[in-house]
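The structure appears right after this line, and notes come after that.
Since the model is a prediction, treat every value here as computed from it, not as a measurement. Residue indices begin at 1 and follow the sequence shown.
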Amino acid sequence: MSRNISNVFSITSFFDEARWSTNENDNLINFVPENLTDDNKLLTHWLCYITDRQMGFERIWDVAGFIFSDLVCSICSEKSISLLDPINPSKTFFIKSSDFAQNKKKSNNEKDGYLFVGRHKVGDNKKLWDYNQHPNELPVFQSRFYPSDYKAILFTLIILKDFNFSIVEYLLRILNKNLSKKDLIRRLIFSLYLLTYKDIGKSKIENIDFKDWYKKGLDRKNDMMKIVNDDSKFEEEFNKFSEIEIYNQKRAWCSLRDFFKFPEFNTYFFRSLEEHGFQHLEMLKDTKLLTQFELPGDVWNNKPKFRECIVKDSSYEKNCSNSFNKLLRDIYIKENISTGYPEKFDITFDFVPLMCMKRNCDLCPYGKDIEKGKNLDKICNKNISKYCSVVLACCGYKYKCNPEKCELVKLEYV
């Protein structure tokens, strides 16, 4: 049998729809201050993604989310980036472990270096209890690459200070100048790249120096804002970015995608845009814009077992070793795909561990037209009073069964 590559996109679209149908299918940030604005929550979300590298995402949303929401609320209130200066242990949110009073009571097994520390005690926040954070103490978080993460957060806030520490106000600068562009989403990603990642460099713990980095952050802000404010320079830099770098922005794509697709953050995003007086909300709600989103490349969608399977017996099989998100974009364009788009393949974050890594090929919908997935119909109950058992088995998502609108039924796979 030969692979019908459009079916692969249709199946992926089916799982993606299930994923975003309810907040139950994704972790929510463990916000702390009750007076957080929508803007505050969006910036907290962005800061969380900065640290989301090679560690459990649950810890990011539960622990870092608690601390960063505290930081964002405080920095917006006090208008002072010095809240990230380690030299003031009693006031800062970033501190040397050896200067942290709580640590002096603990064993020598406590991590060395620096810690992100909240101002609000753990209290009865049970999510933090799961990480051995004690009720009467301040919560602590250390990301895996914290020197670079700290610099990225510091540099981000230095730019956002000119926008009242509002990530939406910053994005509006780009939106209002690029509304007529057909690649608007890609331009928003570029602007977020300028905000946090361009020319950031790598950092080591021994190089952490708030005063020096603050000065460098101001210089960088001037360079980035020259690009943002100069249309000609913006076009030049954006075109260079679009060739390769655009496919390497995993965390930026994830965060902006959540602003548009995650029910909770989508509400915050559009409500905040409206509060800032943005007049083109309906244009931004056009689902055609979503087709511009690239797949955030990660360890799961780069697993050879999955990549090789979905292009098997197709004309793209020989290109399997290429950059996967770039390959998906090429397929999407060449095949004129009508159902689904590249970013939707981020469901592999949940699909691959449950299916590919457990060798559940006999239950896999992607394998139906290449003589696999022969037992898929055995887990489909077609019962509208229950959750879709295929989605639950393949991705772990809760999604109401609806045979009349089911893509798998339409494809005659179940």
Side-chain angles (χ1 to χ4, degrees), residues 39 42-44 46-51 53 68 71-72 74-76 78-88 91-96 113-114 116 143 145-178 186-246 248-252 255-256:
D39 243 323
L42 293 168
L43 180 53
T44 298
W46 179 253
L47 300 187
C48 282
Y49 261 118
I50 289 175
T51 66
R53 294 193 285 171
F68 290 157
L71 165 65
V72 168
S74 297
I75 211 166
C76 287
E78 300 178 32
K79 310 296 183 187
S80 175
I81 296 178
S82 65
L83 293 178
L84 283 171
D85 187 351
I87 202 169
N88 299 312
K91 298 179 180 180
T92 187
F93 281 83
F94 187 71
I95 189 173
K96 275 187 178 181
Y114 289 75
F116 289 102
S143 58
F145 301 99
Y146 69 86
S148 295
D149 296 340
Y150 168 66
K151 179 190 276 188
I153 289 172
L154 177 61
F155 283 13
T156 297
L157 293 174
I158 287 172
I159 289 179
L160 290 184
K161 184 177 182 181
D162 289 354
F163 296 87
N164 299 307
F165 297 107
S166 164
I167 194 169
V168 170
E169 195 170 315
Y170 171 77
L171 288 174
L172 277 170
R173 178 72 62 90
I174 309 301
L175 278 169
N176 288 326
K177 296 177 70 167
N178 292 275
R186 301 168 79 83
R187 290 166 181 270
L188 289 179
I189 277 293
F190 176 58
S191 69
L192 289 170
Y193 168 72
L194 296 178
L195 175 65
T196 299
Y197 297 111
K198 181 173 170 57
D199 297 339
I200 204 76
K202 295 182 179 179
S203 304
K204 297 181 179 180
I205 181 174
E206 58 268 23
N207 299 132
I208 292 177
D209 183 325
F210 177 80
K211 289 184 177 179
D212 178 55
W213 284 8
Y214 184 77
K215 181 179 181 301
K216 290 178 178 176
L218 289 175
D219 292 339
R220 177 182 176 275
K221 179 193 74 171
N222 293 333
D223 291 340
M224 297 305 108
M225 292 312 299
K226 285 178 183 176
I227 298 173
V228 169
N229 294 325
D230 185 323
D231 292 350
S232 177
K233 194 167 185 61
F234 185 93
E235 291 298 323
E236 178 185 350
E237 293 295 329
F238 172 68
N239 289 333
K240 289 191 291 186
F241 170 80
S242 298
E243 292 178 6
I244 297 176
E245 200 60 45
I246 195 169
N248 298 328
Q249 305 306 312
K250 173 189 173 182
R251 289 164 288 159
S255 191
L256 187 63

Would you say Leu171 and Ser191 make side-chain contact, with heavy atoms under 4.5 Å?
yes
Could you walk me through whether Thr156 and Tyr170 pass the side-chain contact (heavy atoms from CB on, under 4.5 Å) test, one step at a time?
CA-CA 11 Å; Thr156 297; Tyr170 171 77; over 6 Å; no
Evaluate Glu237 against Lys240 for salt bridge (charged side-chain N to carboxylate O under 4.0 Å, His left out), listing each step before the verdict.
CA-CA 5 Å; Glu237 293 295 329; Lys240 289 191 291 186; 3.3 Å; yes
The criterion is ring-ring contact (aromatic ring centres under 6.0 Å, His included); which residues satisfy it with Phe145, sequence neighbours excluded?
none
Report the residues that fulfil ring-ring contact (aromatic ring centres under 6.0 Å, His included) with Phe93, sequence neighbours left out, ordered by chain and then residue number.
none
Residue pairs involving residues 154-170 (criterion salt bridge (Lys or Arg N to Asp or Glu O under 4.0 Å); sequence neighbours excluded):
Asp162-Lys221
ring-ring contact (aromatic ring centres under 6.0 Å, His included) partners for Tyr114, two or more places apart
Phe94
Enclosure of Lys216 NZ (heavy-atom neighbours >12, cutoff 6.0 Å):
no
Contacts under 3.5 angstrom, residues 199-209 side chains, donor-acceptor by atom type, not counting sequence neighbours:
| unit_1 | atom_1 | unit_2 | atom_2 | d |
| --- | --- | --- | --- | --- |
| Ser203 | OG | Lys151 | NZ | 3.1 |
| Asp209 | OD1 | Lys211 | N | 3.2 |
| Asp209 | OD1 | Asp212 | N | 3.1 |

Would Arg187 count as a cation-pi partner of Phe238, with NZ or CZ less than 6.0 Å from the six-membered ring centre and within 45° of the ring normal?
yes
Tightest non-hydrogen contact, residues Phe165 and Leu43, listed as O-CD2, 3.6 Å
Heavy-atom check, side chain of Leu192 versus side chain of Ile167, under 4.5 Å:
yes
By side chain to side chain donor-acceptor pair (under 3.5 Å), Lys177 pairs with (sequence neighbours left out) Asp231
